[in-house]
Amino acid sequence: MSDTYSGEFYCVKCKEKRQAEGKVVETNGRRMAKGVCPVCGTNLNRILGKA
């Protein structure tokens with residue numbers, strides 16, 4: 001099962017918040033969204049909390 005997350009990520013390269021969509025992965029009981037910055041193409045991560 002693969003969930004998606006759509007919302008704000010912080011891009012460390014642009015140093016700004018970006019609206020993006022990404023896949024939700026679960027590691028060590030914590031959910032994290034992984035996406036790509038629509039401006040610079042850098043990988044984005046957002047910790048969503050415990051599952």
Side-chain angles (χ1 to χ4, degrees):
M1 184 172 108
S2 177
D3 293 334
T4 58
Y5 171 81
S6 181
E8 281 192 333
F9 290 83
Y10 182 76
C11 179
V12 295
K13 192 170 182 180
C14 300
K15 295 185 169 73
E16 290 186 22
K17 291 183 179 178
R18 300 280 186 209
Q19 290 290 327
E21 189 170 314
K23 296 172 87 176
V24 175
V25 296
E26 185 176 329
T27 314
N28 296 329
R30 293 173 194 256
R31 296 182 322 132
M32 181 167 61
K34 292 186 169 191
V36 177
C37 180
V39 176
C40 67
T42 302
N43 291 330
L44 301 172
N45 294 310
R46 181 179 175 118
I47 296 173
L48 301 174
K50 293 186 177 179

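Hydrogens, waters and symmetry mates are skipped; everything else that's a heavy atom, side chains included, is used.
Rounding to the nearest 0.5 angstrom, the gap separating the CD atom in E21 from the OG1 atom in T4 is 5.0 Å. The OG1 atom of T27 lies 5.0 Å from the CE atom of M32; values are rounded to the nearest 0.5 Å.
L44 and L48 fall within a single hydrophobic cluster, where Ile, Leu, Val, Met, Phe, Trp and Tyr side chains are chained together by heavy-atom contacts under 4.5 Å. Residues F9 and V25 fall into different hydrophobic clusters, defined by Ile, Leu, Val, Met, Phe, Trp and Tyr side chains chained together at heavy-atom separations under 4.5 Å.
Sorted by first and then second residue, the side-chain hydrogen bond (donor to acceptor under 3.5 Å, both in side chains) pairs with a member in residues 33-48 read Y5-R46; sequence neighbours excluded. Residue pairs meeting the ring-ring contact (aromatic ring centres under 6.0 Å, His included) criterion with at least one member in residues 15-43: none, sequence neighbours excluded.
Through direct or indirect side-chain contacts shorter than 4.5 Å among Ile, Leu, Val, Met, Phe, Trp and Tyr, V36 is connected to no other residue.
Taking the side chain as every heavy atom from C-beta outward, C11 and E16 never approach each other to under 4.5 Å.
Summarising the geometry of P38 relative to Q19, their closest heavy-atom pair is CG-O, 3.7 Å, with the distance given to 0.1 Å.
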